[in-house]
Amino acid sequence: MENLIIPCKSRPPELPTHLAFRQEVPLENPNQHRPVVSLPRRNAPRSNFDSNISHLCRKGEIHEAVELLGRVRGKVRPSTYEGLLDACIDRNSIGLGRKLHSLVDLVVEADGFVQTKLVGMYAKCGSLDDARKVFDGMRDKDLYAWSAMVGACSRAGRWEEVVELFVSMVRDSVLFDGFLLPKILQACGNSKNISVGKVVHSLAIRRGMCTHVRVCNSVLTMYAKCGDLKSAHRAFDCMDERDDVTWNALISGHCHQGNVVEARKLFDAMRGGGLDPTSMTWNLLISGYSQLGNWEVAVDLMRKMEDNGIAANVFTWTCLISGCGHNGQQAQALDLFRMMLIAAVEPNRVTLACVISACASLQTLNRGIEVHSLAVTLGMADHVLVGNSLIDLYAKCGDVKAAEQVFDAVSEKDLYTWNSMIGGYFQAGYSGKAHELFTRMMESGVECNVITWNVMISGYMKNGDDDQAINLFRRMEKEKIKPNTATWNSLIAGYAHNGEKDKALGVFRQMHSCGVPLNSVTILSLLPSLANLISLNKVEEVHGCALRRDLDFVTSISNSLIDAYAKAGKIEYSLAVHETMSSRDVITWNSMLGGFVLHGHDRSAIKLFRVMRNQGCRPTRGTFVSLLKAYGLAGMVDDGKRVFTSISEEHSIMPAVEHYLSMVELYGRAGRLSEALEFIENMPVEPDASIWMAFFTACRFHKNVSLALAASENLVNLEPSNGTFHDLLEQASALCGGTLSKGIQKDQATQRLVGRSWTVIDHQVHEFTNGNSDQHSELHPLLKRIDAGSREFEPLPA
DNA sequence: GGAACTACGT
């Protein structure tokens, strides 16, 4: 197909057989398919009925006109129908249009002009499906009919359908003209269908249309959008005349591939050639840098643009905001939005959608509500694009009621609307409501897509209903929706999340045998669930799959492997993965550091931290948690203290509870209990249960009962979780030599505690007080507290 | 003829 991109003057290549014409079309008269009047009725003299109906129509009394037509059908000319259909389009009244359609008689029905007008009426009044039905029912489709249908699909953004229409059109021996060609090329570009795009290009050459700059621009754009920049450049080189659109299309192509360097070069070459960049050119470049996350350069370009007398417009700002959003800089996006408003640039629907989506990611409901009210002021709140983002915002912030209200207010719902609302119900835990809406969606004739099914399946998985998820997964086949990688990933992630690691692995293997391509999400969902001492061979199996698909170069996967191997007891494998990595991020170092600490390799961890610093990697909170633990293991209390001080002083990181916890453990392990207590008492924040628990453990280890008692008193005052109570009880009993959990399986006990049942504690307290109360008198305050707590909850039925 | 676009999976 490479040889299709040739200068216009050369001989075009042969068409693929499936696109061969049924009959040869003479090329010299491209308009020959525009029919001249073909039916006798069209030439019929204008009757009184025609005049009366047209008169009513002109007066705006269209209902009366349609009424009259109903009484005299069969006696009016097709052109009168056309006038009425135009009136329906003007009023956007599909109801009247339908009525008119029902009044079309047999003779008028045979008129291609009226049929084409009907296609246009249905499409413009919002029912593309009805338009398609009329179109499919037409016996002889001329170029006007094809143009109407292609135009309708283009306006609706149904690019694949436009491409299909083009293929059938060629099979029908109808060829495009100068009006239709750009639309078809646009569709090829937007649907990334380069093979049909090349056919269109070759036909355009064959018909001598590639001499106009507009046609060439369409061709170039098609190649650029399909990502074939080599062909785009060749088309560029073949052009005798170029305008700003030509340059912009090429610049846009490079920006979309993330190649801003080449885009910048073209920008300079354009200026060198004496052509001034337009605001479009600047916006393309700004968008390119912004999408790469390089928003400093993007903002700089915006300033330069304004210095050159081109004002930043809504597109410029939206490009910047969207770029921040895509690069995890949501707070930055909101700042830019504020700046945009200060600059008095009015946001449009796309801007609002981006900003609301940023609020949703940040879960800042208040800012979201501000933007919502702005959208109301601008009259855009009920628009489908804005509404969809709002539904997602309210769902993510936990306000399902508000999400529901927006859902109801959006009159022209699309797939995003339904899918977001269904997802919102699942996020709030309303599986039943989600299913109800899913059923309503199916019944109202909306065609679900694979994402709808994925939302349902992952929603059920998240809510712990595996059976329903699997049922839906099986139902997909019947509904002729092919599960994609994300569908399989939902099942794997769901099982892994619910602790069913064998089932997760089973689905993974099935996915593999079905030939479904896996991606990094697949691996990242599965690996952590296999990170335990008995799963080494399974980690290796998944590692193998990643290797075979070249996914081991994905940093996040390597990071996950380091973690999994460490937890599976093979720190040397973790190290091997770490050594072979081409690019390491801070998570890589943190995982390796954590692995060393887990295996008690304190000196290796301390050494690794130095390597990390030498390679210029900025440590994070997590780094210091592991590092302090390493110093604790090494018994290097004073060095640990220095590291702790450096967290805030050198690295400007506010120490978090985990760091204080590591310090308490560090003191505790070294037996420096009074120093630990002093450290706890001097903490700038209130010590939480984990801190006191660590101190308690240290006291227990060093057999200091009085300090342990102090710790336990502080602990119970904090109303710790059931799990902490359980641990505390176990340790307390061990400290005093008792047998607290006698007769109770630990797993069983934990399981019931998780369900917020206090039965176990009740039982233990009972055993504690009735059994060995004398022996444990020292822990009396603790017991009283537990006893009081146990009455606040209804025990689960046995 | 050219720019920004919301829903699922870590």
Side-chain angles (χ1 to χ4, degrees), chain A residues 157 181-183 185-186 189 212-222 224-225 243-253 255-256 278-288 290-291 313-323 325-326 347-357 360 383-393 395-396 410 414-424 426 449-459 461-462 484-494 496-497 518-529 554 556-557 559-560:
Chain A
L181 171 77
K183 284 202 165 54
L185 281 170
Q186 186 190 28
H212 299 290
V213 68
R214 277 182 78 97
V215 173
C216 292
N217 284 344
S218 298
V219 169
L220 195 159
T221 305
M222 181 274 295
K225 282 198 169 170
D243 60 13
D244 56 317
V245 177
T246 320
W247 287 92
N248 289 345
L250 209 50
I251 289 173
S252 170
C255 284
H256 272 283
T278 61
S279 74
M280 178 68 74
T281 322
W282 286 97
N283 284 341
L284 285 167
L285 265 187
I286 290 169
S287 166
S290 184
Q291 296 299 323
N313 60 16
V314 62
F315 286 103
T316 322
W317 287 101
T318 309
C319 289
L320 287 172
I321 292 168
S322 129
H326 282 140
N348 62 18
R349 290 157 182 171
V350 180
T351 324
L352 292 178
C354 293
V355 174
I356 294 165
S357 138
H383 184 265
V384 61
L385 183 60
V386 179
N388 294 347
S389 319
L390 284 171
I391 293 170
D392 186 49
L393 166 83
K396 285 210 170 84
V410 176
D414 66 5
L415 274 173
Y416 284 82
T417 325
W418 292 93
N419 293 349
S420 303
M421 194 62 233
I422 293 174
F426 275 120
N449 64 358
V450 67
I451 296 182
T452 317
W453 290 87
N454 292 352
V455 171
M456 290 297 296
I457 289 170
S458 69
M461 275 312 227
K462 273 183 209 145
N484 62 10
T485 303
T487 321
W488 289 87
N489 287 352
S490 299
L491 289 175
I492 293 170
H497 185 255
L518 51 90
N519 60 17
S520 54
V521 178
T522 322
I523 307 278
L524 289 169
S525 307
L526 184 61
L527 261 185
S529 74
V554 178
S556 55
I557 291 190
N559 295 347
S560 189

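Below, each value reflects all heavy atoms present in this structure, side chains not excepted, and no hydrogens, waters or symmetry copies. Since the model is a prediction, treat every value here as computed from it, not as a measurement. Within every chain, numbering begins at 1; the chains are lettered A, B, ... in the order of the sequence lines, protein sequences first and strands thereafter.
- A:T281 comes within contact range of no nucleotide atom at all, as no heavy-atom separation falls under 4.0 Å.
- Counting non-hydrogen atoms under 4.0 angstrom, A:H256 reaches the backbone sugars and phosphates but no base.
- Considering only residues two or more places apart in sequence or on other chains, A:S252 meets the side chain to side chain contact (heavy atoms under 4.5 Å, CB included) condition with A:H256, A:L284.
- Nucleic acid contact for A:V245: base, since at least one base atom lies under 4.0 Å from a heavy atom of the residue.
- A:S290 places a side-chain N or O within donor-acceptor distance of the main-chain N or O of A:C319, the cut-off being under 3.5 Å.
- Here the straight-line distance linking atom OG of A:S529 with atom NE2 of A:H497 works out to 11.5 Å at 0.5 Å rounding.
- A:T318 comes within contact range of at least one nucleobase, with a heavy-atom separation under 4.0 Å.
- The heavy-atom pair separating A:M456 from A:I422 by the smallest distance is SD-CG2, 3.5 Å.
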Test A:T417 against A:N388 for side chain to side chain donor-acceptor pair (under 3.5 Å), laying out the working first. CA-CA 5 Å; A:T417 325; A:N388 294 347; 2.7 Å; yes

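- As judged by a 4.0 angstrom heavy-atom cut-off over every strand, A:N484 is placed among residues making no nucleic acid contact.
- Note on A:A493: only backbone sugar-phosphate atoms sit closer than 4.0 angstrom, heavy atoms only; bases stay farther off.
- At the heavy-atom level, A:L284 lies under 4.0 Å from the strands shown only through sugar-phosphate atoms.
- If you walk DNA chain B from 5' to 3' and mark each nucleotide with an atom closer than 4.0 Å to a heavy atom of chain A, the marks span B:dG1 to B:dT10.
- Side-chain atoms of A:S560 do not come within 3.5 Å of backbone N or O of A:S556 as any donor-acceptor pair.
- Looking at heavy-atom distances under 4.0 Å, A:H326 makes contact with sugar-phosphate atoms alone, never a base.
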